[in-house]
There are 2 protein chains.
Amino acid sequence: MFKALGNPHRLLIFQRLSRCCLPGTRCDLEDAIRFSVGELGEGMEIAASTLSHHLKALHHAGLIEMERQGKQINCWIDPAVLEKLYGFFNPQAEFENIGGCDVR
Amino acid sequence: MFKALGNPHRLLIFQRLSRCCLPGTRCDLEDAIRFSVGELGEGMEIAASTLSHHLKALHHAGLIEMERQGKQINCWIDPAVLEKLYGFFNPQAEFENIGGCDVR
DNA sequence: TCTACATTTCGAAACATGTCGAATTATCGA
DNA sequence: TCGATAATTCGACATGTTTCGAAATGTAGA
């Protein structure tokens, strides 16, 4: 996942899709913000084939969902993915503290 | 930062260093867990020069701190960095929710 | 000062990634 | 069925990354 987010174009795509339905909110999967592939590429000076390649990488990394809706393909983020990433850096969720430090 | 975390060796190093003093705890910078370069490489089948290269990448990305202590060089994570990463995926900290979703 | 240890720098090789354009596939509407 | 639109696949190329070993640097102790 971090590898996929490590490219500036892919990070931008991910950020565009994550501006709604973040962990801690009450957004459900159905509420998740969606963009078509073309919309996601707007403002990025990138060939359509390159955009497609990046979307595929994000999808393979498990970061985004994709589904055809007519002529377009819609992309969104499953809120559970954001929870997971959030939890990775959150002590309560995933890590045990070890060593001599004072956890309260 | 995500690019730096996107390599398996570097992610492992980062995880070893982040097992203490996570955001939400009361660990101070002085309490941060520290390992020498050699200790960080233990168990990884990797040449010393490669390890050094990865550490440099993590340092350049702003993910780890390094300081010479005698013959060895100690590495640790500034808790502020963990807060920052944590905040990136946390709705309260950094993002505004937009669109038609119902935030409570 | 000499030696051992810890780490970094350098250069080179193998491999992976980002990018494009052209060709292809899928869907909708006339 | 045909054409237009949206997106993907493919092949190619330039650029970056990972890795190593050898040589260099920095530090402590005999």
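- Listed pair B:His9 / D:dT19 meets the phosphate criterion, a side-chain N or O lying under 4.0 Å from OP1 or OP2.
- Between B:Asn7 and D:dT18 there is a side-chain polar atom (N or O) within less than 4.0 angstrom of OP1 or OP2.
- The nearest pair of heavy atoms linking A:Glu39 to A:Arg16 is O-NH1, 3.9 Å.
- Every residue was checked against the ring pair (Phe, Tyr, Trp, His ring centres under 6.0 Å) condition with A:Phe35, not counting sequence neighbours, and none meets it.
- The distance between atom NE2 of B:His54 and atom C1' of D:dT17, rounded to the nearest whole Å, is 9 Å.
- Taking atom CD1 of residue A:Ile64 and atom P of nucleotide D:dA7, one finds them 12 Å apart after rounding to whole Å.
- Near-neighbour residues of DNA chain C inside residues 38-51 of chain B, defined by a heavy atom below 4.0 Å, number-ordered: B:Gly38, B:Ala48, B:Ser49.
- Rounded to 10 degrees, the angle separating the terminal helix axes of the helix from C:dT1-D:dA30 to C:dA30-D:dT1, each built from five base pairs, is 20°.
- Nearest heavy atoms, A:Ser36 versus A:Asn74: N-ND2, 3.7 Å.
- Shortest non-hydrogen contact noted between B:Met66 and B:Trp76 is C-CZ3, 4.0 Å.
- In this structure, the separation between CG on A:Leu63 and SG on A:Cys75 is 12.5 Å, given to the nearest 0.5 Å.
- Two residues are said to be in side-chain contact when any heavy atoms from C-beta on lie closer than 4.5 Å; B:Ile64 and B:Val81 fail this criterion.
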Reading 5' to 3' through nucleotides 23-30 of chain D, protein heavy-atom contacts under 4.0 Å coded B for base, S for sugar-phosphate only, - for none
---SBS--
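- Between the NE2 atom of A:His60 and the C1' atom of D:dT8 there is a distance of 13 Å, given to the nearest Å.
- No side-chain donor-acceptor contact under 3.5 Å links A:Gln72 to the backbone of A:Gln69.
- A perpendicular orientation is assigned to the rings of B:Phe14 and A:Phe89, their planes being inclined by more than 60° (bins at 30° and 60°).
- The aromatic rings of A:His9 and A:His54 are tilted relative to each other, their planes meeting at an angle between 30° and 60°.
- A pairwise comparison of heavy atoms in A:Ala57 and A:Ala4 identifies O-CB, 4.4 Å as the closest pair.
- Of all nucleotides in DNA chain C, those with any atom nearer than 4.0 Å to a heavy atom of chain B start and finish, going 5' to 3', at C:dC5 to C:dT9.
- The CD atom of A:Gln72 sits 14 Å away from the C1' atom of D:dA4 (whole-angstrom rounding).
- Taking B:His53 as the reference, nothing meets the ring pair (Phe, Tyr, Trp, His ring centres under 6.0 Å) condition, with sequence neighbours excluded.
- Distance check, rounded to the nearest 0.5 Å: CZ of B:Phe2 to CE of A:Met1 gives 11.5 Å.
- Looking at heavy atoms from C-beta onward, B:Leu17 lies in side-chain contact with B:Leu40 at the 4.5 angstrom threshold.
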